[in-house]
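Comments concern the structure below.
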Amino acid sequence: QVQLVESGGGLVQAGGSLRLSCAASIRSFSAIAMGWFRQVPGEDREFVAGISRSYGATSYTDSVKDRFTISRDNAEKTVYLQMNSLKPEDTAVYYCAATISTYPGRIYTRGTEYNYWGQGTQVTVSS
């Protein structure tokens with residue numbers, strides 16, 4: 001069982017930055033691949049960024065490339081999402097997700113591939 005706790009959301013003006021954190025309670029954090037998703041009311045949950053369990057491979061949805069950076073600290077058992085140049089359309093509830101991964105360099109981009117989810121943190125970007 002993996003428990004995920006997100007933090008770092010809030011209200012920011014367009015052009016500003018936020019850093020989301022997701023702390024995982026699991027003995028072997030290096031065994032899990034991680035991802036960030038976001039959801040706006042009335043819409044499907046959207047993949048934002050993912051990172052493999054090893055090698056530091058990352059993937060991003062096109063709308064956040066060059067603005068967002070996903071990273072992980074295995075010693076702290078935490079994954080981060082650094083969000084820069086935020087836009088009003090980035091407003092959403094952001095969810096951290098985890099899945100036990102057999103493949104060290106694999107990135108998971110679909111919500112159905114993740115077994116564990118955090119409770120979500122609200123990010124609001126004002127224009």
Side-chain angles (χ1 to χ4, degrees):
Q1 188 73 10
V2 180
Q3 290 186 323
L4 304 173
V5 179
E6 300 113 331
S7 60
L11 173 64
V12 65
Q13 288 188 330
S17 298
L18 284 174
R19 188 176 81 155
L20 305 183
S21 300
C22 174
S25 63
I26 181 172
R27 177 172 294 181
S28 181
F29 183 71
S30 60
I32 57 175
M34 304 290 295
W36 287 96
F37 290 74
R38 64 188 180 186
Q39 188 169 26
V40 175
E43 298 185 10
D44 292 336
R45 194 169 295 187
E46 173 192 28
F47 170 78
V48 176
I51 187 165
S52 60
R53 68 173 178 89
S54 299
Y55 310 144
T58 59
S59 178
Y60 301 89
T61 191
D62 286 346
S63 63
V64 308
K65 283 180 181 176
D66 301 323
R67 300 190 297 122
F68 290 12
T69 302
I70 187 172
S71 61
R72 62 189 293 158
D73 184 332
N74 285 352
E76 295 295 325
K77 298 184 179 181
T78 300
V79 65
Y80 302 97
L81 185 67
Q82 177 66 44
M83 305 185 294
N84 299 328
S85 302
L86 282 161
K87 304 175 180 179
E89 52 263 43
D90 294 318
T91 296
V93 177
Y94 283 70
Y95 296 91
C96 170
T99 188
I100 297 173
S101 177
T102 302
Y103 308 100
R106 180 174 175 178
I107 304 163
Y108 298 83
T109 62
R110 293 178 292 182
T112 53
E113 296 177 307
Y114 287 88
N115 304 113
Y116 306 100
W117 294 84
Q119 81 286 357
T121 186
Q122 177 70 45
V123 171
T124 302
V125 184
S126 63
S127 57

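Residue numbers count from 1 along this sequence.
- The minimum heavy-atom distance between Gly105 and Ala57, with the atom names listed, is O-CB, 3.8 Å.
- Going from atom CZ of Phe68 over to atom CG of Leu18 covers 9.0 Å, rounded to the nearest 0.5 Å.
- The hydrophobic cluster of Tyr80 has no other members, since no ILVMFWY side-chain heavy atom comes under 4.5 Å of it.
- Taking the side chain as every heavy atom from C-beta outward, Gln3 and Val5 never approach each other to under 4.5 Å.
- Using a 4.5 Å cut-off between side-chain heavy atoms of Ile, Leu, Val, Met, Phe, Trp and Tyr, Ile107 forms no hydrophobic cluster with any other residue.
- Remark: Lys87 does not engage Asp90 in a salt bridge, criterion side-chain N to carboxylate O under 4.0 Å.
- Between Val79 and the choices Ser71, Cys96, Ser21, the side chain to side chain contact (heavy atoms under 4.5 Å, CB included) rule is met once, by Cys96.
- Of all non-hydrogen atoms in Ser52 and Pro104, the two that sit nearest each other are CB-O, 3.4 Å.
- Considering all non-hydrogen atoms of both residues, Ser17 and Ser85 come closest at OG-N, 4.3 Å.
- Between Cys22 and Leu4 the shortest heavy-atom distance is SG-CB, 3.8 Å.
- The shortest distance between side-chain heavy atoms of Ser126 and Gln13 falls below 4.5 Å.
- Tyr55 contributes atom OH, which lies 15.0 Å from atom CZ of Arg106 (distance to the nearest 0.5 angstrom).
- Taken from CZ in Phe47 to CH2 in Trp36, the straight-line distance is 12.5 Å, to the nearest 0.5 Å.
- Put simply, the side chain of Met83 does not reach to within 4.5 Å of the side chain of Val125, judged on heavy atoms.
- A donor-acceptor pair is defined here as one N or O able to donate and one able to accept, closer than 3.5 Å; such a pair exists between the side chain of Lys77 and the backbone of Ile26.
- Placement of Leu81 and Phe37 in two distinct hydrophobic clusters is found when ILVMFWY residues are connected by side-chain heavy-atom separations under 4.5 Å, directly or transitively.
- No continuous path of ILVMFWY side-chain contacts below 4.5 Å connects Tyr108 to Met34, so the two sit in separate hydrophobic clusters.
- When all heavy atoms of Val2 and Ala24 are compared, the closest pair comes out as CG1-CB, 4.5 Å.
- Under the 4.5 Å side-chain heavy-atom criterion for Ile, Leu, Val, Met, Phe, Trp and Tyr, Leu20 and Ile51 are members of the same hydrophobic cluster.
- When side chains are defined from C-beta on, Ile32 counts as touching Arg72, because their heavy atoms get closer than 4.5 Å.
- Between the CD atom in Glu46 and the CZ atom in Arg38 there is a gap of 4.5 Å [rounded to 0.5 Å].
- Between Ala49 and Tyr60 the shortest heavy-atom distance is CB-CD2, 3.6 Å.
- Residues Arg53 and Ser30 form no side-chain contact, since every pair of their non-hydrogen atoms from C-beta on lies 4.5 Å or further apart.
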Name each donor-acceptor pair under 3.5 Å that joins a side chain in residues 115-124 to protein atoms two or more places apart or in another chain, with its distance.
residue	atom	partner	partner atom	Å
Asn115	OD1	Thr99	OG1	3.0
Gln119	NE2	Glu6	O	3.4
Gln119	NE2	Glu6	OE1	3.4
Thr121	OG1	Gly9	N	3.3
Gln122	NE2	Ala92	O	3.4
Gln122	NE2	Thr124	OG1	3.3

